[in-house]
Amino acid sequence: FEARKINKDDNNISILLIQEQQVAYHLSAPPLTIIIGNPPSSDSKFQFANEGQVIKELLEDFKPSAGERTGRQNTQKQLRNEFIKFLRWTLDRAKKSVPSVFALIMPSSFAKHPSYKYARKYLSENISALWVLEFDSDNRAGMEGSNVFNTLQGRLVLVGVLKNELKSNFTIAYKNICSLSKQEKINYFNSEVSISEWINLEKLDDNYTFKPTSDYDTEKYNRFWPISSKNDDGIFLRHCSSLKLAPTHLLVHASEGQLKRRSKFISKTENDYTTIKERWYSGQQKPPPATKINDRIKVFLEKAVREQNIFKYSYRPFIETFVLLDDELLNELGNMEGGGTRDRPEVRAAYKNEDVFGFVVAPAPEDLGKSLHKFSSFCWNVPDNDLSTRGNAHIFCNYFPEYKKKKDWDSKIKTNINPIIINTLSAKFGIKEEEIINSLTFYSYAILSSDFYLEEFKGKLFNVAGQWPSIPITSDKELFLQVSEVGKKLAEIESGNFRLESNTIELTELEYYKYKIESDSIRLLDEKGNLILQLCNIDLDVLQFEVSGYNVI
């Protein structure tokens, strides 16, 4: 684009934009030998209202066929992202300019995310060769790396070649250099590339994934039951994301008594924000902002405490706290500027019944770290959305109400297990149907917690959001009951009421300033760095135990 000065007297932005558009039309007219771009990619937040009819029609090639589309298909919303429009425009221009080459910097999620499945399919059917170089890690997953770009999203380079050849000759190669330092990456970009170091993808999977995955027994996995399915043929009929609280530290505390006292103190009109912060949030990194503690919030906070709306809360894996939940309070916080609070009436209604329990599953295990680890945790209480470090943790319960869609919503809990499975197992095992509901919930959790299962099918499980995991259901009664019992024991360990039975170790509560985890021990230190307690000879697997992106210790 040619640069030109803008006259101070010329404030007609529309004319300037038209002039720029005319230049762009001229410079982008075929034939184009090579197209290079780094389009914006900000999760659909950066969008133009005047995208034009031409690009809208072209984008139809990146979508499923009309028969496969649904009214609320969230996996397609990312196709509104500007980088996708730029990619489709690039392909349109490149096809009109054969032979041609394009090189685009894109989010690394493009290589695998279900939203872009049909875009990848279109690429595989319309270009001759493709190279995918993943170079920046997704730092939203808590990964430390030396990224070239100062963004949270991962990045890849997509290089494509279009020739006058048959589509069947399509080839694709992949390479990952995310582990290199920033300087090493720059050196790599400036050096001669050796294609022999790249991985050739011989055959694309059903998702048209543009990166290699671990091998797994596809035939066996396809015989498993999905824990949830849009066709209602999964194990659990209903599920939803958990509660999102903002500010969390206004509503949650480890001590029920402290939560009551703090809430009463904050609700008093004579206590201003500075006094509240000094009294209850001194030294904390994220105290509630002043804008979230106004006079209306104080009124609802006082009401919530007076009406004893305090419940146990599954805050993080293995961490049980107390939470203040009140309809008016949550509505007020949710409607405030900046938002952040997201109530889940179905979840709260379910957990008001003491017979309800379940587990949360992280929807995108690949976003939790560089390798697959346990991505589910058990919930005896109302669950927090951040029970997984990335994505919205979804809760799967034994009983659950219908989804709240109407004002006359029925909040009564119902069986949440597929009746076909209940009837089949009950008839085969000779077990009452109501007993199958709880047993299968524990059974499902045991499978999802199995290291063998995670390792055997990591090629399928280590994925981005879009598909819930599937698990095998045995037809052997004794095995079913044994696995169910294991799941129940695992669940009980995650309960706040669980107590370790031991004749050799006496566990007591300690106040400590900081801790240090070493190769086989944990040291608890006071504020001056003096040793309070050291626990030795701890297995490394325990010290490194992760659940949904969190180190449990």
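Predicted model only: the values in this text are computed from it and were never measured.
Between Y116 and the choices F210, F83, Y122, the ring pair (Phe, Tyr, Trp, His ring centres under 6.0 Å) rule is met once, by F83. For the ring pair (Phe, Tyr, Trp, His ring centres under 6.0 Å) criterion with Y445, the lone passing option out of F396, F378, Y453 is F378. The one candidate from V347, I395, N385 that meets the side-chain contact (heavy atoms from CB on, under 4.5 Å) condition with L243 is V347.
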Inset, instruction - Evaluate side chain to side chain donor-acceptor pair (under 3.5 Å) for S41 paired with R155, printing each intermediate quantity in order. - result: CA-CA 10 Å; S41 52; R155 285 289 184 268; 3.3 Å; yes

Inset, instruction - Give the C-alpha distance, both sets of side-chain angles, the deciding distance and a yes or no for side-chain contact (heavy atoms from CB on, under 4.5 Å) between D520 and N537. - result: CA-CA 5 Å; D520 65 346; N537 300 320; 4.3 Å; yes

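At least one donor-acceptor pair under 3.5 Å links the side chain of H249 to the backbone N or O of K286. Between the T248 side chain and the L245 main chain, a donor and an acceptor come within less than 3.5 Å of each other. R390 places no side-chain N or O within 3.5 Å of a backbone atom of A362 that could act as its donor or acceptor partner. Between the side chain of D384 and the backbone N or O of D386, at least one donor-acceptor pair lies under 3.5 Å. Side-chain atoms of D205 come within 3.5 Å of backbone N or O of Y208 as a donor-acceptor pair. Using a distance-only test at 3.5 Å, with no hydrogens or angles considered, no donor-acceptor pair links the side chain of Y512 to the main chain of I532. Judged by distance alone, the side chain of R88 and the main-chain N or O of E60 form no donor-acceptor pair under 3.5 Å. Judged by distance alone, with hydrogens and angles left aside, the side-chain atoms of D136 form a donor-acceptor pair with the main-chain N or O of F149 at under 3.5 Å.
Closest approach of Y513 and D526 over heavy atoms only: CB-C, 3.3 Å.
One distance of note links OH of Y174 with CG of N200; it measures 14.0 Å at 0.5 Å rounding. Remark: Y118 OH to K63 NZ distance equals 13.0 Å, nearest 0.5 Å. Going from atom CD of E184 over to atom NZ of K182 covers 13.5 Å, rounded to the nearest 0.5 Å. Atom CG in N392 sits 7.0 Å away from atom NZ in K244 (nearest 0.5 Å).
Looking only at side-chain heavy atoms (C-beta outward), L58 and W89 stay at 4.5 Å or farther from each other. At least one side-chain heavy atom of F62 sits under 4.5 Å from a side-chain heavy atom of L87. Annotation: side chain of S377 is in contact with side chain of V360 (closest heavy-atom distance under 4.5 Å). Residues P288 and Y281 meet the side-chain proximity criterion, which asks for heavy atoms closer than 4.5 Å. The side-chain heavy atoms of F545 and K374, taken from C-beta on, include a pair separated by under 4.5 Å.
S241 and R344 form a side-chain donor-acceptor contact under 3.5 Å, judged by distance and modelled atom types alone.
Using a 4.0 Å cut-off between a side-chain N of Lys or Arg and a carboxylate O of Asp or Glu, K112 and E134 do not qualify as a salt bridge.
Between F236 and F359, the ring-plane angle classifies as perpendicular under the 30° and 60° cut-offs. Below 30°, between 30° and 60°, or above 60°: for Y221 and F457 the angle between ring planes is between 30° and 60°, a tilted geometry.
Every pair passing side chain to side chain donor-acceptor pair (under 3.5 Å) that includes a residue from residues 456-470 is listed here, sequence neighbours excluded: E455-K458, K460-Q467.
Scanning for ring-ring contact (aromatic ring centres under 6.0 Å, His included) contacts around F189 gives F135, with sequence neighbours left out.
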